[in-house]
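Below: the structure, in structure tokens.
Chain letters run A, B, ... following the sequence lines, proteins first, then strands; residues in each count from 1.
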Amino acid sequence: MNDRNGTINHVVTRFAPSPTGFMHVGGVRTALFAWLFARKHGGTFILRIEDTDKAREVGGSIEHIIESLKWLGIEWDEGPDIGGPHAPYIQSERLDSYRKYARLLIEKGFAYSDPYTEEEVEAFRKQAETEKRAFLYRDHRPNVTEAWDGTKPLRFKVPAIKRYVWNDLVRGELSAGEEALDDFILIKSDGYPTYNFAHIIDDHEMGVSHIVRADEFIASTPKFLSLYDALEITPPLFATMPPILGPDGKHKLSKRDGAKDILDYRKEGYLPEALVNFLAFLGWNPGDEREVLSIAELTDAFSFDHIQKAGAKFNEEKLRWFNHEHLKRLPDTDFTAHLTAFMVEFGFDTSTYLGKIASLLKERSQTLLEAAEAVRAGDFSFCEEIIIVPSQELLLKSAKADAATVKTHLKHVSELLVKISDDAFTADVVKDSIFGYATEQGRSAVLWPMRVALSGKEKSPDPFILSALIGKEKTLARIAAAQEILR
RNA sequence: GGCCCUUUCGUCUAAUGGUUAGGACAGCGCCCUUUCACGGCGUAAAUACGGGUUCGAUUCCCGUAGGGGUCACCA
């Protein structure tokens, strides 16, 4: 909560999704910022499920949300699965609480039973639309109303129609006119509260200090503020995030633009920390020129001060770059562990030589999926194979020399390599032993055929790395085999 | 249509009255190099427009235009 000077005493933020399907990037980023802010200030982060619209609820969503957040490493201190001092954390289980505040508002004269049918209200709305006016229920506010019996919607009666001005931690001073104020529904005829009502009660009861929220709530803030007034509750601080736009920048990112389930990124081989890094930079920066940051660094650098006001376009190209950077920074053993887990999970056959080619894979793949596919395609099969039988054509393709000359070179290379002891057969030693000869004789005539002899492929890592990878014995055998092919 | 928000390279952004307007992704070029990849260097590229305020505006104010949001018994 905040004291009168606005000093942060204890930060409490929350992420409050509704279980209506999968998690998309917009929701995840809002959750991420709320979480980073709480962590930065040693505060509390709450996960709350807003399931007050039973018609739209999609089964399994809660589990899916939890799985998504956990994959990203966003952990909550209080939530539906772990409980906490303000349990329950699922709104449909908090109905008593909303009724309590509803009664309070009725007593104070700030709530009344809505006498109209849905059709009648719809007609008012249509009329406003026809007249190109904003729809305001309060234009039709009834003079007398019956006592609320729970079968009709309970409406909020706006205490004062006025212009509201408030401060937003990201946007600064915001304001909205009287048109933004209306008698909105507190409790629906099915007994569930609306978002407008429920989130305010919950945030209050859960001690939320900062509401990190999406752009679309700016327009309804005056409604919230008037409800806070009626309830005589001090509102939390607001921090409004910029929208995430589709690649064309024309509208908010939608499924059509490829907005997908956040867990799809796991399938596509993205590292959660890379995705988090990318998402954090969509509308935020650390205030310096660093870009590739770990979660710990992100937490440390995070502040609302550097959040953008304008919308950002989702750019998958840059996400791929972030992922590659994070992949490259992984120690080989960690990379291998990640890749192996990925391949097992998504049905790839794992190879025993993955650990040996970790550094090659990291360098060449932007995602774990690309690495897995490269392995499956046999791009590194030369690690396992005993014999390689390249064609003479390939052996000579870029050698810029005739078969007899190449054959002589390979023979000489063998003679140099055989002198190296088995345990000293590293890429550097191999290079040192033959590089002088190769330079002298023309590198393309020596190194190209050697590399093809070892890999059997037109494209591959260099022959020194290859030699070390497959070992002295196979290296010599393959070079000998290549000499047989040449005539 | 009303109300609200927003506007720096193609994209993500830095610079909160004085900079040759900086970085990154993507692009292009060169270098490294036996191929591929990695890497290095370099290049092109922006303050939406029009008015103010000021000695001086990317920065402050107003207007215009573009974009976004909202006007539910959805959140």
Could you tell me how far B/U54 sits from B/G66 if I compare only their P atoms? Round to whole Å. 31 Å
Taking B/G2, B/U70, B/C73 as options, the one with an atom nearest any side-chain atom of A/Ala134 is B/G2
request  = Tell me whether the OP1 or OP2 atom of B/G39 has a side-chain N or O from A/Lys328 closer than 4.0 Å.
outcome  = yes
Rounded to whole Å, the OH-C1' distance (A/Tyr112 to B/C73) equals 13 Å
In whole angstroms, the gap separating C1' of B/G10 from CG of A/Leu245 amounts to 15 Å
Next on the checklist: Counting only side-chain nitrogens and oxygens, does A/Lys54 get under 4.0 Å of the OP1 or OP2 atom of B/A75?
Outcome noted: no
A/Leu394 atom CG is separated from B/U34 atom P, nearest whole Å, by 17 Å
_So A/Glu458, base contact, sugar-phosphate only, or nothing? Heavy-atom distance under 4.0 Å._
base
Winner on side-chain proximity to A/Lys313, out of B/U11, B/C5, B/U70, is B/U11
Per atom distances to the A/Glu291 side chain, the nearest of B/A24, B/U34, B/C4 is B/A24
Atom CD of A/Glu129 and atom C1' of B/G1 are separated, to the nearest Å, by 10 Å
Judged by nearest nucleotide, the residue sitting upstream toward the 5' end of RNA chain B, A/Lys309 or A/Pro193, is A/Lys309
query = Base, sugar-phosphate alone, or nothing: which one does A/Pro449 contact when heavy atoms must sit under 4.0 Å apart?
reply = nothing
Subject >> P atoms of B/G1 and B/C38, separation to the nearest Å >> reply: 50 Å
May I ask you to say what A/Arg451 touches in the nucleic acid, namely base, sugar-phosphate or nothing, with a heavy-atom cut-off under 4.0 Å?
base
Checking N1-N3 plus N6-O4 or O6-N4 for Watson-Crick, or N1-O2 and O6-N3 for wobble, each under 3.5 Å, the partner of B/C74 is none
_Please confirm whether the shortest side-chain N or O distance from A/Arg364 to OP1 or OP2 of B/A37 is below 4.0 Å._
no
* Asked: Contact class for A/Glu50 (heavy atom, under 4.0 Å): base, sugar-phosphate, or nothing?
  -> sugar-phosphate
Discussion item. Within the 4.0 Å heavy-atom criterion, would you say A/Gln308 contacts the bases, only the backbone, or no part of the nucleic acid?
Written reply: sugar-phosphate
Would you mind classifying the nucleic acid contact of A/Pro242 as base, sugar-phosphate or nothing, using non-hydrogen atoms under 4.0 angstrom? nothing
Within the structure shown, what part of the strands sits under 4.0 Å from A/Asp462 by heavy-atom distance: base, sugar-phosphate, or nothing? base
Inset, instruction - Give A/Glu363 one of three labels, base, sugar-phosphate or nothing, depending on what nucleic acid heavy atoms sit under 4.0 Å from its own. - result: base
With the side chain defined as heavy atoms from C-beta on, A/Ala310 is closest, among B/U34, B/C74, B/U7, to B/U7
| task | Would you indicate whether the side-chain heavy atoms of A/Tyr101 and A/Pro193 approach each other to under 4.5 Å? | result | no
Closest of B/A26, B/U34, B/C73 to the A/Glu317 side chain is B/A26
Taking B/C73, B/C25, B/C38 as options, the one with an atom nearest any side-chain atom of A/Ile185 is B/C73
Rounded to whole Å, the CD-P distance (A/Glu120 to B/C73) equals 13 Å
Respond yes when some side-chain nitrogen or oxygen of A/Ser220 is under 4.0 Å from OP1 or OP2 of B/C71, and no when none is. no
Ranking A/His324 and A/Tyr195 by the position along RNA chain B of their nearest nucleotide, the one closer to 5' is A/His324
Between CZ of A/Arg138 and C1' of B/C3 the distance, given in whole Å, is 12 Å
Separation of B/G67 atom C1' from A/Phe314 atom CZ, nearest Å, is 20 Å
Between A/Trp448 and B/U34, is there a contact of a side-chain N or O with OP1 or OP2 at under 4.0 Å? no
Practice prompt. Using only heavy-atom distances, decide whether a donor-acceptor pair under 3.5 angstrom links the side-chain of A/Lys318 to the base of B/A24.
Written response: yes
Under a 3.5 Å cutoff, is there a donor and acceptor pairing between the side chains of A/Asp229 and A/Tyr164? yes
| Side-chain contact, heavy-atom cut-off 4.5 Å: A/Ser175 with A/Arg163? | yes
Scanning all shown strands, the Watson-Crick or wobble mate of B/C3 with both distances under 3.5 Å is B/G69
By the Watson-Crick or G-U definition, both distances under 3.5 Å, B/G29 is matched with B/C41
Is the number of heavy atoms from other residues, nucleotides or ligands under 6.0 Å of A/Lys397 NZ greater than 12?
no
Checking B/C73, B/A75, B/U34 against the side chain of A/Pro153 (C-beta onward), the nearest is B/C73
Checklist entry - Taking only N and O in the side chain of A/Arg29, is any of them less than 4.0 Å away from OP1 or OP2 of B/C12? => result no
| said: Using a strict threshold of under 4.0 Å (side-chain N to carboxylate O), is an ion pair present between A/Lys126 and A/Glu122? | reply: yes
- Heavy atoms under 4.0 Å, any strand shown: does A/Arg155 hit a base, just sugar-phosphate, or nothing? sugar-phosphate
Item to complete: Answer yes or no: does a side-chain N or O of A/Lys188 lie under 4.0 Å from OP1 or OP2 of B/C74?
Response: yes
Quiz item: When all nucleic acid strands are considered with a 4.0 Å heavy-atom cut-off, which category describes A/Phe278: base, sugar-phosphate, or nothing?
Solution: nothing
From the candidates B/C71, B/C73, B/G23, the one with an atom nearest any side-chain atom of A/Glu289 is B/G23
Please indicate whether A/Lys356 has more than 12 foreign heavy atoms, meaning atoms of other residues, nucleotides or ligands, lying under 6.0 Å from its NZ.
yes
Does A/Asn285 put a side-chain nitrogen or oxygen below 4.0 Å from OP1 or OP2 of B/U13?
-> no
Considering only heavy side-chain atoms of A/Arg56, the closest of B/A72, B/A24, B/G69 is B/A72
### Message
What's A/Lys152 touching, base or sugar-phosphate or nothing? Going by heavy atoms closer than 4.0 Å.
### Response
nothing
Notebook entry, point to check: What does A/Ser398 touch in the nucleic acid at a heavy-atom separation under 4.0 angstrom: a base, only the sugar-phosphate, or nothing?
Noted result: nothing
Which label fits A/Phe217 and A/Phe224: parallel for a plane angle under 30°, tilted from 30 to 60°, or perpendicular past 60°? tilted
Of B/C4, B/A75, B/A15, the nucleotide closest to the side chain of A/His306 is B/A15
Partner of B/C55 under the Watson-Crick or G-U wobble criteria, both distances under 3.5 Å, comes out as B/G18
Give A/Leu136 one of three labels, base, sugar-phosphate or nothing, depending on what nucleic acid heavy atoms sit under 4.0 Å from its own.
nothing
Next item on the list: Using the P atom as the reference point in each nucleotide, state the distance between B/G63 and B/G22 in Å, no decimals.
Entry: 32 Å
In whole angstroms, the gap separating C1' of B/A72 from CG of A/Asn196 amounts to 9 Å
Applying the 3.5 Å cut-off to both distances, the Watson-Crick or G-U partner of B/A24 turns out to be B/U11
Across every strand shown, the nucleotide meeting Watson-Crick or G-U wobble geometry with B/G63 (both distances under 3.5 Å) is B/C49
- prompt: With the threshold set at 4.0 Å, does a side-chain nitrogen-carboxylate oxygen contact exist between A/Lys54 and A/Asp51?
  reply: yes
#### Entry: Base B/C73 to side chain A/Thr194, donor-acceptor N/O within 3.5 Å cut-off
no
- Message: At 4.0 Å (heavy atoms only), tell me whether A/Ser460 reaches a base, stays on the sugar-phosphate, or touches nothing.
- Response: base
Review point. Within the pair A/Arg125 and B/A72, is there a side-chain N or O less than 4.0 Å away from OP1 or OP2?
Key: yes
ring-ring contact (aromatic ring centres under 6.0 Å, His included) evaluation trace for A/Tyr270 with A/Phe278: CA-CA 11 Å; A/Tyr270 290 95; A/Phe278 168 73; 8.7 Å; no
